[in-house]
Asks: 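Here's a structure for you.
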2 protein chains.
Amino acid sequence: MQELCLPAVITDQDLDRLENILSKRIRIARGEPLYRAGEVFSSLFAVRLGHFKTVYSEGHATKQIIGFQMSGEILGMEGISRPRHKCSAIALEDSEVCEIPYTRLESLLSELPSLQSHFHRMMSREIDREHQVMLLLGSMSADQRVAAFLLNLSRRYEARGFSPLHFVLRMTREDIGNYLGLTIESVSRVFSRFKKNDWIEGLPRDVKILDRKALEDLCAY
Amino acid sequence: MQELCLPAVITDQDLDRLENILSKRIRIARGEPLYRAGEVFSSLFAVRLGHFKTVYSEGHATKQIIGFQMSGEILGMEGISRPRHKCSAIALEDSEVCEIPYTRLESLLSELPSLQSHFHRMMSREIDREHQVMLLLGSMSADQRVAAFLLNLSRRYEARGFSPLHFVLRMTREDIGNYLGLTIESVSRVFSRFKKNDWIEGLPRDVKILDRKALEDLCAY
DNA sequence: CGTGAATTTGACTGACATCAACTCAGGTGG
DNA sequence: CCACCTGAGTTGATGTCAGTCAAATTCACG
C-alpha cells in the first residue's frame, strides 16, 4: 500500500476497497513485456518488486527509453489518453506488479476525494519528472547526463530505504545510452572517467558513489 | 468552452457550473509571465487567445523551454504535484487566458465523472507529448528536430481550423533552439537548408510549407 | 574451459557549437 | 524623411564533443 503513498485521511474501510482493486498480482520474467506498444490500454500497474524500462516507439526503427521504474512506481499512465499503449514496459529482472483496472480506479476516485487528489499529484509528478529529462537531453553534456542519472537513482533508492551510495544498475549500457541520448561507448567512457577521478567505483553493474558532491557540482554547473 | 473539448454527455446544468469556474479572464502582455517558477500553485489556465512558452528552470543558469502553448491548451499542470510552480509561463504575444482555480476544479471532478475522465486524458496527453519531445531530443538530428517542430505546429494549427501550411512563428530562433536542444545558429542554418530545397519559404517568421512530405520523410527516416 | 554477449578502449570522423562578422527590419529622434 | 540604433536573424571559419568503426577485454553461462 505504501507504494501509493496514501495520505492518512483515508479510512480503513476505503483502504479495503483499494486493496480489493489492487489484489491481482502479476509476475513478469526478465526481458518480458508487461504490456507492449499497440496493445489496448485497460490498467495501470504498481511495481511491487523488480525494475522495468518503458520504451516509446514511434512507427519504425526509432526507439526511446522514457524511464526506468522501480518498486513503488506506477506504470501505464501514458495510456490513459488513448485507446492503445504507445509505450512498451519491459522487465529488467524478474519482477512483480499489481494490476489496477483503470475503470474501477476512476470510479473509486470519484468517491474518495483524497485519493483523487493524490492521483492527480502522481500524474503531475510524472510530468515534472519528464521536464527534468528534457532539461537533461536538451542542455547537458555527456558527463552531466550520466552524473544526473546516477544521482537520480541514488535519491530514489534512498527514498525506498536502500543505500543511496551503493546499488546495482539493472539496465545495460545500451539502455542507459538510449535513455540519455548517448551511445554505449560514450556512456562507458564517462563511467571510466568518473572512476579515474575516484568519484565512483565497482563497475560495471555494481556502483559505489565515492564523491557525491563532485557529481552534484558537475550537474549544477 | 471548446478549449476543454468537453464530451457531449455533460449536461447544460453542469456546463453552467464549469462556466462559473472559468469566468475569470486574464490578459497578459507580450513578454510578461502568467506565472513564474517559485510562485505558489493555485490554478490551471486555459489559453483563450495568443501563445505562451513554458520554461523550466532548475536552480541557476539552466533554462529549458518545455513547450509552446496556443489557444485551447492548458497551462500549469506541472504545478499540481508541488506547492510551487517549477516552470514559468511567458506570453509570446498579447494573450488572454481563463483561470481555473484548482481546488474548485477538483471538487467538480468528483461530481462529474465524464469531466474527471476527460481531465485525466488531458494530463495523459501531456505526458505523451513529452515522450515525443524526449524522442526528438534523444535521437534526432538537427534537421529532423526542426522538421518535427514545424510539422507539430502545422498539425496543431490545422486542428484549430487554421492553415496547416502557412502560419507565423510566434517564438524567436533562440526559443526554438532552446526547445530543440540546438543553438540559434544551427536552427537558422536548418531553415536556410530547407528553404534552399524548396521545402519551405517566407522566412524568417512567416512560414509556408511547400513540401510537407519531404519534412515527414525526413522525420520518419 | 569455451562461446557469445556486454563492456571497455583507441583512432578517426563528423555534426553541431563557438566565435565573429554581416544583413535586415523596426523604431526613435533630430 | 532620413540617420541612427537596436535586436533578430543569417552566414562563414574554426573548434570540439560525442559518434562511428574497429579491436581488445571481461563477464556470464553452459
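Below, read A as the first sequence line, B as the second, and so on, with proteins coming before strands; counting in each chain starts at 1.
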Asks: What are the residues of residues 190-200 of chain B, sorted by number, that bring a heavy atom to within less than 4.0 Å of DNA chain C?
Replies: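 The answer is none.
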Asks: For the rings on B/F162 and B/F167, is their centre-to-centre separation under 6.0 Å?
Replies: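 No, ring centres 6.0 Å or more apart.
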Asks: Write out all pairs satisfying salt bridge (Lys or Arg N to Asp or Glu O under 4.0 Å) with one or both partners inside residues 159-176 of chain A, taking only residues at least two apart or from two chains.
Replies: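 Only A/K53-A/D175, A/E73-A/R160, A/E93-A/R170 qualify under salt bridge (Lys or Arg N to Asp or Glu O under 4.0 Å).
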Asks: Can you tell me the distance, in whole Å, between the CG atom of A/L180 and the P atom of D/dA18?
Replies: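 To the nearest whole Å, that distance equals 12 Å.
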Asks: Is the shortest heavy-atom distance from the side chain of A/Q132 to the side chain of A/R129 under 4.5 Å?
Replies: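 Not touching, per the 4.5 Å side-chain cut-off.
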Asks: For the pair B/Y179 and B/F68, name the ring-plane relationship: parallel under 30°, tilted 30 to 60°, perpendicular over 60°.
Replies: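 If you compare the ring of B/Y179 with that of B/F68, the planes turn out perpendicular.
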Asks: Measure from CZ on B/R205 to C1' on D/dG7 and round the result to the nearest Å.
Replies: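 After rounding, the gap between these two atoms is 11 Å.
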Asks: Taking the side chain from A/D94 and the backbone from A/R30, do they hold a donor-acceptor pair closer than 3.5 Å?
Replies: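 Present.
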Asks: Indicate the ring-plane relationship of A/H120 and B/H120, choosing parallel, tilted or perpendicular according to the 30° and 60° boundaries.
Replies: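 Aromatic pair A/H120/B/H120 classed perpendicular.
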Asks: Report, one pair per line, the protein and nucleotides 19-21 of chain D atoms (nitrogen or oxygen only) whose separation is under 3.5 Å.
Replies:
{"unit_1": "D/dG19", "atom_1": "OP2", "unit_2": "A/T183", "atom_2": "N", "d": "3.3"}
{"unit_1": "D/dG19", "atom_1": "OP2", "unit_2": "A/T183", "atom_2": "OG1", "d": "3.0"}
{"unit_1": "D/dG19", "atom_1": "OP2", "unit_2": "A/S186", "atom_2": "OG", "d": "2.2"}
{"unit_1": "D/dT20", "atom_1": "O4", "unit_2": "A/R189", "atom_2": "NH2", "d": "2.9"}
{"unit_1": "D/dC21", "atom_1": "N4", "unit_2": "A/E185", "atom_2": "OE2", "d": "3.1"}

Asks: To the nearest 0.5 angstrom, please state how far the CZ atom of A/F194 sits from the CG atom of A/D143.
Replies: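 The CG atom of A/D143 is 5.0 Å from CZ of A/F194, to the nearest 0.5 Å.
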Asks: Do B/L153 and B/L169 make a side-chain contact, defined as non-hydrogen atoms from C-beta onward lying under 4.5 Å apart?
Replies: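 In short, these two side chains touch, coming nearer than 4.5 Å.
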Asks: B/H131 and A/Q64: side-chain donor and acceptor closer than 3.5 Å?
Replies: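 A/Q64 and B/H131 do not have a side-chain donor-acceptor pair below 3.5 Å.
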Asks: Would you compute the distance between atom CD1 of A/I176 and atom CG of A/N178 and round it to the nearest 0.5 angstrom?
Replies: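 Going from the CD1 atom of A/I176 to the CG atom of A/N178 covers 11.0 Å.
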Asks: Check side chain to side chain donor-acceptor pair (under 3.5 Å) between B/E99 and all other residues, then give those that pass, not counting sequence neighbours.
Replies: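 If we apply the side chain to side chain donor-acceptor pair (under 3.5 Å) test to B/E99, skipping adjacent residues, the hits are B/K24, B/S43.
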Asks: Quick one: does any side-chain atom of A/T54 pair with a main-chain N or O of A/S88 as donor and acceptor, under 3.5 Å?
Replies: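 Judged by distance alone, no pair lies under 3.5 Å.
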Asks: Hey, can you pull the residues of residues 134-146 of chain A with a non-hydrogen atom under 4.0 angstrom from DNA chain C?
Replies: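 Correct list: empty, so none.
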Asks: Under the side chain to side chain donor-acceptor pair (under 3.5 Å) test, which residues partner A/R205, sequence neighbours left out?
Replies: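 Partners of A/R205 by the side chain to side chain donor-acceptor pair (under 3.5 Å) criterion come out as none, since no residue qualifies.
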Asks: Of all nucleotides in DNA chain C that come within under 4.0 Å of a heavy atom of chain A, which is furthest toward the 5' end and which toward the 3' end?
Replies: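 Taking any atom under 4.0 Å from a heavy atom of chain A, the span is C/dA6 to C/dA11.
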Asks: Sub-3.5 Å donor-acceptor pair from the side chain of B/E32 to the main-chain atoms of B/A29, do we have one?
Replies: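 Not at all, since once roles are kept as given, no pair shorter than 3.5 Å links the two residues.
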Asks: Which residues pass the side chain to side chain donor-acceptor pair (under 3.5 Å) test with A/R27, sequence neighbours left out?
Replies: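 Scan of A/R27 (side chain to side chain donor-acceptor pair (under 3.5 Å), adjacent residues dropped) gives A/E96.
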Asks: Hey, is the main chain of B/K63 close enough, under 3.5 Å, to the side chain of B/S57 for a donor-acceptor pair?
Replies: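 The answer is no, because no donor-acceptor pair under 3.5 Å joins these two groups.
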Asks: Please, which pairs that meet ring-ring contact (aromatic ring centres under 6.0 Å, His included) have at least one residue in residues 87-106 of chain B, sequence neighbours excluded?
Replies: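 Checked against ring-ring contact (aromatic ring centres under 6.0 Å, His included) - neighbours excluded - the pairs reaching residues 87-106 of chain B are B/F41-B/Y102.
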Asks: Compute the bend angle of the helix from C/dC1-D/dG30 to C/dG30-D/dC1 from the end axes (five pairs per end), rounded to 10°.
Replies: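 Between the axes fitted at each end of the helix from C/dC1-D/dG30 to C/dG30-D/dC1 lies an angle of 40°.
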Asks: Report, one pair per line, the protein and nucleotides 28-30 of chain D atoms (nitrogen or oxygen only) whose separation is under 3.5 Å.
Replies:
none

Asks: Nearest whole Å is fine: how far is D/dA22 C1' from A/I184 CD1?
Replies: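 After rounding, the gap between these two atoms is 14 Å.
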Asks: Quick one: side chain to side chain donor-acceptor pair (under 3.5 Å) partners of A/K213, sequence neighbours excluded?
Replies: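 Listed in chain order: A/D217.
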